[in-house]
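Since the structure comes first, as structure tokens, the remarks are kept for the end.
Numbered from 1 within each chain, the chains take letters A, B, ... in sequence-line order.
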Number of protein chains: 2
Amino acid sequence: MGANKITAMDVARAAGVSQPTVSRVFSAGGSVSPALATKVREAAVKLGYRPNTLARSLTTGQSKTIGLIVAYLDNPFYTEALERLSRSLKEMGYNIMIFMAANEARDVDEVVQSLLDHQVDGILMASISMSSELTDRLADEGVPVVLFNRGHATAAVTSVTSANALGGRKVAEFLLAGDHTRIAHISGWQGASTGQDRLAGFVDTLEAAGLSPHSVIDGMFSRAVAAEATRKLMTSRTPPDAIFVGNDHMAFAVLDTLRVELGVRVPDDISVVGYDDVAMAGWAAYDLTTVRQPANRMVQAALAELMAQINGEDHPPRTIEIDGPLIIRGSARRPAGDI
Amino acid sequence: MGANKITAMDVARAAGVSQPTVSRVFSAGGSVSPALATKVREAAVKLGYRPNTLARSLTTGQSKTIGLIVAYLDNPFYTEALERLSRSLKEMGYNIMIFMAANEARDVDEVVQSLLDHQVDGILMASISMSSELTDRLADEGVPVVLFNRGHATAAVTSVTSANALGGRKVAEFLLAGDHTRIAHISGWQGASTGQDRLAGFVDTLEAAGLSPHSVIDGMFSRAVAAEATRKLMTSRTPPDAIFVGNDHMAFAVLDTLRVELGVRVPDDISVVGYDDVAMAGWAAYDLTTVRQPANRMVQAALAELMAQINGEDHPPRTIEIDGPLIIRGSARRPAGDI
DNA sequence: ACCAGTCATGAATACGTATTCAAGGCAAAG
DNA sequence: CTTTGCCTTGAATACGTATTCATGACTGGT
């Protein structure tokens, strides 16, 4: 095999110039006379030279890599976001080092260390909760961090989410307008800010209207837990006439359980509303009424914040919430008079 | 901010030893006296030292990173595989640099170059077709490559797939045993070996039984194309009584189109069989009969091959096919006598 | 024609680690 | 007591690039 690694030195010799000149040709700011530049380029092409990114990163201190930590890849919302992230970052000349982590402090800690060892320029955490101890350490290290679809209690770190409380409120208003009276909530994991906020906005709105929720069960972002919650709800003495589910991923399990297992008609017997508006929510099999999380805008905002921090300027942490509309489909009864 | 990068030199000074000694403490093969080792470790912990992976990679020539190229992230089969890959590689001490690429030669070329620039130790390509020109170049470069869920015509590169032709055959036999007579195929993309092989195994088996397929349409691994194909099939003069769909992802679109849009009953009026057995195939809404691709075993095999190549031993390219069972659920009429 | 100022270029060095090499210490073998 | 050999350690160097600095050439203004 021809594992002859071609270095800038080889190109320099072939082109009759010095190594720094070769470096300048391939770097951004370097200034080289057109004559030498073409000579270098020709030699480089001839030899098949490409700069070694590792060596470059070592001297510049810029790895042009951002670390991505993801928890739930079975939820298509995140794969959608990942796809957009990847595309945008490639355009900006950044690479992605990806890690999957369970939502446990120890696991997250370990992964973050791994990323720091790799000198990543920034870290993006999707649906991962972070201990304050960790945010402190990262701030100390001076590495930019942005939380995607997770808030943080002390606001010492930038986070981008949808307007979760507002979203919960929109669902409550929609269900109230549809004359539902026994409204249950299978919530997102209450260990996550998103789950908490959606629940809060939802319950507050119900109570402002003089109604208390039929019941609230933590669905843990899990299909199995959500399905079990559905069974429990529907076999109670007075089942709900509407269920707001903390995300679409769980809502599909709820719908499956209602229709197929329990033989309940949706939306005739009961209304179901989700949260996320993943592509599958629009599929005919589910046709789910849900709150849209604008993945595209959320990704753009998260990257903009991350880049602002990376490019210095002492960018202070911000909490960004992006509003999204309620997408009305066929899984929930509509308010009377609504065309 | 305390962006004081702690280096091995700092630790060495603090512990009263030389930098190489520090290096030996943190490397695998180094031999250091217990006394000095503990002194070094204590100093390292006190200062918060961690070795700089970039610098280490530069000298060793081992980046401990493998490049992953993925095309279809909306197909959950790949996210499932990605999750397993990530877990296994982390256990083995490897990191993942991930890229998304369209299935176009130019895009793939660019991404591969990017990975090579980063000195990855190996490349894993999932559902990506590679030009022979590219395989040659990679072989020349001496970088191990494994194709996941894609074959390669000239067999000059290792590939791991399921037994696609055999899978197609199993579907054909099952549908024939179920007394279907007008059997259509909405195939996987015929630009991909998987799509071709499933089709070949399927059609060959039908013809061996004296039956020619009702029709064969390329579904391009796309929901939209598969849905359109379904419409076309069902509005023909003599619609099929069974459809074998090239993967689950498309099969869901076919089922949605049949049931909701066209009002056709499945499996009473028509049988549908998919390929992959993604988690969703087991959901009550779809309950899809399908051929299982054993993601776990495929991932393990792919990694084993990749590691064998990385660890030298002049491991020759292999073509590995992993068999998977037909999972019989409710979307297709079962053979009579089958319990 | 003279000077200030800009630009192109190479020599030297830095980045943070691993590895080679030589030297010294020490234990075991005779 | 000597010798052989292994183990530990530090000095020097390599990895492949970017950057600083000094030098020399060249430009333009007068």
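- The CE-P distance, from B:Met9 to C:dA18, rounds to 14 Å in whole Å.
- Applying the salt bridge (charged side-chain N to carboxylate O under 4.0 Å, His left out) test to every pair with at least one member in residues 52-74 of chain A, sequence neighbours left out, gives no pairs at all.
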Please table the atom pairs, donor to acceptor, closer than 3.5 Å between any side-chain atom in residues 32-48 of chain A and protein atoms at least two apart or in another chain.
from    : atom 1 : to      : atom 2 : distance (Å)
A:Ser33 : OG     : A:Leu36 : N      : 3.4
A:Thr38 : OG1    : A:Pro34 : O      : 3.3
A:Thr38 : OG1    : A:Ala35 : O      : 2.8

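- One interatomic measurement links the two molecules: NE2 of A:His118 to P of C:dT17, which rounds to 14 Å at whole-angstrom precision.
- Atom CG of B:Leu58 is separated from atom P of C:dT19 by 12 Å (rounded to the nearest Å).
- If you check residues 46-56 of chain B against DNA chain D, you find no residue with a heavy atom closer than 4.0 Å.
- At a threshold of 4.0 angstrom between heavy atoms, the contacts of B:Ser23 include nucleobase atoms, whether or not backbone atoms are also involved.
- Not a single salt bridge (Lys or Arg N to Asp or Glu O under 4.0 Å) links A:Glu91 to another residue, sequence neighbours left out.
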Open item on the list: Please encode protein proximity along nucleotides 4-12 of chain D as a string of B, S and -, counting only heavy-atom distances under 4.0 Å.
Closed with: ----SBBBB

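- Across all non-hydrogen atoms, the minimal contact from A:Ala192 to A:Ser129 is CA-OG, 4.4 Å.
- Distance, B:Gln62 CD to C:dG16 P: 22 Å, rounded to whole Å.
- For C:dA18, one of the phosphate oxygens OP1 or OP2 lies less than 4.0 angstrom from a side-chain nitrogen or oxygen of B:Ser27.
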Quick one: side chains of residues 110-117 of chain B, donor-acceptor pairs under 3.5 Å with protein atoms, not counting sequence neighbours, listed by atom name and distance.
from     : atom 1 : to      : atom 2 : distance (Å)
B:Gln113 : OE1    : A:Arg50 : NH1    : 3.4
B:Asp117 : OD1    : A:Arg50 : NH1    : 3.2
B:Asp117 : OD2    : A:Arg50 : NH1    : 2.5

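- Computed from coordinates, the B:Arg13 CZ to C:dG16 P distance equals 11 Å when rounded to whole Å.
- Between the side chains of B:Gln119 and B:Ser57, no donor-acceptor pair is found at a separation under 3.5 Å.
- Atom-to-atom, CD1 of B:Ile6 to C1' of C:dC15 comes out at 15 Å; the value is rounded to the nearest Å.
- Per the geometry, CD belonging to A:Gln119 stands 14 Å off P belonging to C:dC15, to the nearest Å.
- Listed by chain and number, the residues in a salt bridge (Lys or Arg N to Asp or Glu O under 4.0 Å) with A:Lys90 are B:Asp107 (sequence neighbours excluded).
- Listed by chain and number, the residues in a salt bridge (Lys or Arg N to Asp or Glu O under 4.0 Å) with A:Glu83 amount to none (sequence neighbours excluded).
- Residues satisfying the salt bridge (Lys or Arg N to Asp or Glu O under 4.0 Å) criterion with B:Arg24, sequence neighbours excluded, are absent altogether.
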